[in-house]
2 protein chains.
Amino acid sequence: MSKQALPVIQPISSDTSGGACCAPLACEPLRQAEAEELAPLFKAIADPVRLRLLSLIACHEGGEACVCDLTDAFDLTGPTISHHLKVLRQAGLVDCERRGTWVHYWINPASLERLSAILAPRMAATA
Amino acid sequence: MSKQALPVIQPISSDTSGGACCAPLACEPLRQAEAEELAPLFKAIADPVRLRLLSLIACHEGGEACVCDLTDAFDLTGPTISHHLKVLRQAGLVDCERRGTWVHYWINPASLERLSAILAPRMAATA
DNA sequence: GTTCCGGTTAGACGTTCATCTAAACAGCGG
DNA sequence: CCGCTGTTTAGATGAACGTCTAACCGGAAC
């Protein structure tokens with residue numbers, strides 16, 4: 001348990017006019033309701049398969065990928081991939097649309113950004 | 001966020017395993033090994049109790065909180081809180097130290113920052 | 001229409017997880 | 001030394017999760 005220089009977490013004016021969206025964890029204590037709303041989102045990305053799915057979709061050209069591309073990247077059955085995609089969809093992290101034979105998925109950037117902001121030790125400051 | 005000389009939130013080094021540390025999800029596809037290393041970290045925060053614990057610790061004056069303060073904030077038994085703190089500790093998200101009777105916990109800011117950076121839609125100004 | 005292919009849904013099975021109670025451990029004060 | 005308080009560990013239990021196989025749906029091609 002090594003001690004280190006204290007973080008010096010600053011309140012940085014949580015002026016982000018977003019309301020209940022983005023005050024970082026370190027700014028003010030999360031209330032229970034917020035925590036219970038946020039936890040499922042983190043749970044959705046707290047799986048190696050889903051993390052890779054998100055990444056594959058995000059990196060795919062055009063910002064979207066079809067399920068067949070995704071399935072090929074794993075040693076898992078189709079239904080399993082479909083299940084993970086559903087979890088991501090229900091969490092609002094991705095959206096999808098059927099176009100002809102194939103179903104295309106793309107990232108919902110706002111949701112990822114929200115999670116990122118929550119974890120940011122502080123908003124500005126950057127070195 | 002009109003950056004042209006982008007801030008480039010840095011890796012924090014601290015890569016305990018592969019060189020896989022910091023490219024945001026949307027920059028290049030996460031490899032399996034990276035995903036499997038990252039997922040447990042997200043899993044650690046993917047619980048409302050642990051999210052609130054993190055926040056309570058981060059916001060507490062001096063940047064650290066003792067277990068008794070934390071336990072009071074929940075309708076859960078001591079052992080349950082202790083269990084959640086252990087999960088956070090094993091994930092490297094918090095550190096602790098016993099000082100006399102009480103055990104003090106504080107955030108490991110680097111780990112949170114790392115997770116935040118991974119979720120950041122992208123670092124540079126694509127688009 | 002019928003057949004084939006891509007993708008999802010349904011249900012089952014074993015594992016992991018959150019929580020509890022009981023017991024142990026660590027300091028402090030008499 | 002002994003009891004008291006704060007914290008962690010151990011073990012049990014029920015719920016949630018990840019994966020599979022089998023079955024189903026939607027669209028395209030024959």
Side-chain angles (χ1 to χ4, degrees), chain A residues 1 3 30 32 35-57 60 64-106, chain B residues 30 32 35-57 60 64-106:
Chain A
M1 303 197 183
K3 184 97 187 235
L30 221 52
Q32 184 168 352
E36 285 176 354
E37 181 205 344
L38 237 27
L41 287 177
F42 284 114
K43 199 166 288 186
I45 63 172
D47 179 279
V49 174
R50 293 196 289 267
L51 272 178
R52 287 185 64 207
L53 281 172
L54 273 182
S55 187
L56 285 168
I57 296 171
H60 209 267
E64 50 181 62
C66 94
V67 178
C68 50
D69 295 330
L70 302 173
T71 304
D72 289 347
F74 297 86
D75 278 340
L76 296 169
T77 63
T80 297
I81 298 299
S82 190
H83 159 72
H84 285 300
L85 287 171
K86 187 180 187 180
V87 172
L88 291 173
R89 211 184 325 132
Q90 289 179 330
L93 293 164
V94 303
D95 274 322
C96 69
E97 185 187 41
R98 172 165 220 135
R99 287 205 283 276
T101 303
W102 292 279
V103 178
H104 295 257
Y105 279 77
W106 61 89
Chain B
L30 222 52
Q32 184 168 352
E36 285 175 354
E37 180 206 343
L38 237 27
L41 287 177
F42 284 114
K43 201 165 288 187
I45 62 172
D47 179 281
V49 174
R50 293 197 288 268
L51 272 178
R52 287 185 64 206
L53 281 172
L54 273 182
S55 187
L56 284 168
I57 295 171
H60 210 266
E64 51 180 62
C66 93
V67 178
C68 51
D69 294 330
L70 302 172
T71 304
D72 288 347
F74 297 86
D75 278 339
L76 295 169
T77 64
T80 296
I81 298 299
S82 189
H83 158 71
H84 285 299
L85 288 170
K86 186 180 187 179
V87 172
L88 291 173
R89 211 184 326 133
Q90 289 178 330
L93 293 164
V94 302
D95 275 322
C96 69
E97 186 186 43
R98 175 162 221 134
R99 288 204 283 276
T101 303
W102 292 279
V103 177
H104 296 256
Y105 279 78
W106 61 90

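In the text below, chain A, chain B and the rest are named by the order of the sequence lines, each starting its count at 1.
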Distance below 4.0 Å between [X] side-chain N/O and [N] OP1 or OP2:
| X | N | value |
| --- | --- | --- |
| Y105(B) | dT8(D) | yes |
| T80(A) | dG18(D) | no |
| K86(B) | dT9(D) | yes |
| S82(B) | dT7(D) | no |

Taking atom [atom2] of [N] as reference, at what distance in whole Å does atom [atom1] of [X] sit?
| X | N | atom1 | atom2 | answer |
| --- | --- | --- | --- | --- |
| I81(B) | dT21(C) | CD1 | C1' | 16 Å |
| L85(B) | dA18(C) | CG | C1' | 14 Å |
| L88(A) | dG18(D) | CG | C1' | 14 Å |
| H84(A) | dT19(D) | NE2 | C1' | 8 Å |
| R89(A) | dG7(C) | CZ | P | 12 Å |
| D72(A) | dG6(C) | CG | C1' | 12 Å |
| L70(B) | dG6(D) | CG | C1' | 13 Å |
| H83(A) | dT21(D) | NE2 | P | 15 Å |

Which atom of A65(A) lies closest to which atom of L70(A), heavy atoms considered: CB-CD2, 4.0 Å
Closest approach of A73(B) to R52(B) (non-hydrogen atoms, all atoms of both residues): O-NH2, 3.3 Å
Comparing A46(A) and C66(B) on DNA chain D - which has the more 5′ nearest nucleotide: C66(B)
Residue met sooner reading DNA chain D from 5', once T77(A) and P79(B) are mapped to nucleotides: P79(B)
Distance in Å, L93(A) CG paired with L88(A) CG, rounded so as to fall on 0.5 Å steps: 6.0 Å
Side chain proximity check, E97(A) to W106(A), heavy atoms < 4.5 angstrom: yes
Student check: side-chain heavy atoms of I45(A) and R50(A) closer than 4.5 Å: no
Which residue lies more 5' along DNA chain C, comparing K43(A) with T71(A) via nearest heavy atoms: T71(A)
Closest nucleotide among dG18(D), dC17(C), dA18(C) to the R50(A) side chain: dG18(D)
Proximity to the side chain of L76(A) - top-ranked nucleotide from dC20(D), dT7(D), dT8(C): dC20(D)
Full working for side-chain contact (heavy atoms from CB on, under 4.5 Å) between Y105(B) and R89(B): CA-CA 9 Å; Y105(B) 279 78; R89(B) 211 184 326 133; 3.2 Å; yes
C66(A) and its side chain to side chain contact (heavy atoms under 4.5 Å, CB included) partner, picked from H104(A), R99(A), H60(A): H104(A)
Stepwise side-chain contact (heavy atoms from CB on, under 4.5 Å) test for I57(B) and L85(B): CA-CA 11 Å; I57(B) 295 171; L85(B) 288 170; 4.2 Å; yes
Sugar-phosphate, base or nothing in reach of F74(A), heavy atoms under 4.0 Å: nothing
Per-nucleotide protein contact string for nucleotides 24-30 of chain C, where B marks a base within reach and S marks sugar-phosphate only (heavy atoms under 4.0 Å, - for neither): ---SS--
